[in-house]
Amino acid sequence: MTDNSICTDLFSPVSLGDINLANRIVMAPLTRSRAGDDGVPTELHATYYAQRATAGLIIAEATNISPQGRGYALTPGIWSDEQVAGWKKATDAVHAAGGKIVSQLWHVGRFSHVDLQPDGQAPVAPSAVKAEGQTYTNDGMVDVSMPRALETDEIPGLIADYVRAADNAKRAGFDGIEVHSANSYLLDQFIRDSTNKRTDRYGGSIENRTRLTQEVVEAVLPAWGAGRVGIRLSPTTPDAGNTPMDSDVMATYGHLIRSLNRFNLAYLHFVEGATGGTREIPAGIDLDALRAQFEGPYIGNNGYDLDLAIDRRRAGKVDAVAFGRPFIANPDLVARLQYDVALAQAPRDAYYGGGAKGYIDWPISAS
Ligand code: 8OZ
């Protein structure tokens, strides 16, 4: 039988900060929309994540830090005690199976609908600039709502929501947290000049637009220590409505990345290209050059297969590789990659919503 560990160290242990991984294959955060309206993870989540525990690290699905941070029905949260108890079942199951799991802290910002917001209020954003695109509510797909701009004096409360979520992730037994500052959700909306039109200390200059992400990172460190806090960025991902990215990706994200170096975070995690889509990078942008400005470990993600993972690892471009969709239908993806076992393909209708079907019923390979 082929054993690809002969030609790559992807199947060997690595440390990302203080998180020790059995191998360099990471499970990327995947929204699967299996929680109820209360955002409480169930036994299904515990089974699903435990089945995938041979990943060197599981980054659990994006998880709402607050009712206000919610932008899609059926996504889990981490603001209530019931949610913490639900997540504890999942982290216990992953640990019993020998795995590691971190929680991805998420606030969607403007990408929400009034029906998903407390008291039917408008979603919040850096500025009152409406997103194009649709989100999923209990009534199906709907256009996202017009947001309102956050007041400057609301920012401390927002940061406190991140801190509560970080504390709750600890109580829930996670091995660390990942700050979701990608995919044109709230923190990324602050970073980009296409969505941030503010005139206070959180808008205008690059320093100001990257301030909120830095303040959130700094605020969650006491709960965890920097060696258990990672961050995800997607410098070239347009949002659902193809809103332009930042007008100067290299300068803006370069400044942010260099600023993050002072924290000694566990890792930087990039979506390379457009999330869930092309790996092509627009002219004038060099993600590897951006990544190179980060002084800690790096997780590459987006459309990887084994060959690309081996090539980029061999070239010293990545410390670990996050696979997303392949983990849906291949709970034992690490073994399949190592031993060249054919990969199963999940149908798109299994991605979001529903119950056990298409979620926890994918077999482990017999070979
Ligand atoms: C797919 C569907 C809904 C949300 C992201 C959290 O892109 C998501 C997401 C992905 O970061």
Side-chain angles (χ1 to χ4, degrees), residues 26-35 39 41 45 48-49 58-66 68-78 83 87 102-113 115-117 123 125 131-138 140-145 162 165 169 177-192 195 213 216 230-243 245 268-279 299-303 322-328 346-354 358-359:
V26 172
M27 179 176 168
L30 290 167
T31 291
R32 305 298 309 278
S33 308
R34 256 73 174 188
H45 293 80
Y48 165 76
Y49 283 116
I58 295 169
I59 304 169
E61 67 209 86
T63 298
N64 306 301
I65 60 162
S66 63
Q68 182 196 67
R70 194 166 165 254
Y72 302 80
L74 310 182
T75 51
I78 192 148
Q83 292 163 349
W87 279 118
V102 298
S103 175
Q104 196 200 41
L105 305 189
W106 188 33
H107 189 307
V108 299
R110 68 180 191 156
F111 209 85
S112 185
H113 186 270
D115 285 356
L116 296 162
Q117 289 290 307
E132 299 300 318
Q134 295 204 313
T135 189
Y136 181 73
T137 68
N138 289 336
M141 297 301 288
V142 294
D143 288 352
V144 294
S145 302
Y162 276 95
I177 53 174
E178 176 175 286
V179 174
H180 190 341
S181 187
N183 296 345
S184 209
Y185 293 115
L186 181 73
L187 297 178
D188 211 14
Q189 291 159 26
F190 270 83
I191 293 170
R192 296 171 177 207
T195 42
T213 292
V216 166
I231 186 164
R232 194 180 209 209
L233 303 175
S234 61
T236 60
T237 294
D239 80 3
N242 271 330
T243 303
M245 305 166 303
L268 170 67
H269 178 191
F270 262 3
V271 181
E272 298 166 348
T275 306
T278 178
R279 287 187 54 83
I299 305 175
N301 167 248
N302 206 31
F323 289 78
R325 284 170 291 184
F327 264 109
I328 294 178
R348 286 195 84 86
D349 63 11
Y351 285 11
Y352 309 116
Y359 190 52

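Numbering of ligands and ligand atoms starts at 1, following listing order.
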#### Entry: Whether T137 side chain and T135 backbone form a donor-acceptor pair below 3.5 Å
no
#### Entry: Nearest neighbour in protein (non-hydrogen) for atom 1 (C) of ligand 1
Y352 OH, 3.4 Å
## Note on the structure
for atom 9 (C) of ligand 1, nearest protein heavy atom and its distance come out as T31 OG1, 3.4 Å
### Task
For ligand 1, note which part of E61 has a heavy atom under 4.0 Å away: side chain, backbone, both or neither.
neither
### Message
Whether the S181 and T213 side chains hold a donor-acceptor pair (N or O, under 3.5 Å, no angle test) is what I'd like checked.
### Response
yes
### Query
With no hydrogens and no angle check, do the side chains of Q117 and S112 hold a donor and an acceptor under 3.5 Å apart?
yes
### Summary
If you compare T275, N183, V271 by their heavy atoms, the one closest to atom 11 (O) of ligand 1 turns out to be N183
### Task
Would you mind listing which atoms of ligand 1 come within a distance below 4.0 Å of any non-hydrogen atom of A62?
6 (C)
### Message
So, 4.0 Å and heavy atoms of Y351: is ligand 1 close enough to count as a contact?
### Response
no
### Query
Hey, does Q104 sit under 4.0 Å from ligand 1 if you only count heavy atoms?
no
### Query
Which pair of non-hydrogen atoms, one from S234 and one from T275, has the smallest distance, and what is that distance?
CB-OG1, 4.2 Å
### Message
For a quick test of reading the model, state the closest non-hydrogen atom pair linking R232 to A28 and the distance between them.
### Response
NH2-CB, 4.4 Å
### Message
Would W106 count as being in polar contact with ligand 1, using the rule that some N or O on each side must be under 3.5 angstrom apart?
### Response
no
### Query
Applying the ring pair (Phe, Tyr, Trp, His ring centres under 6.0 Å) test to W106, which of F111, Y72, Y162 qualifies?
Y72
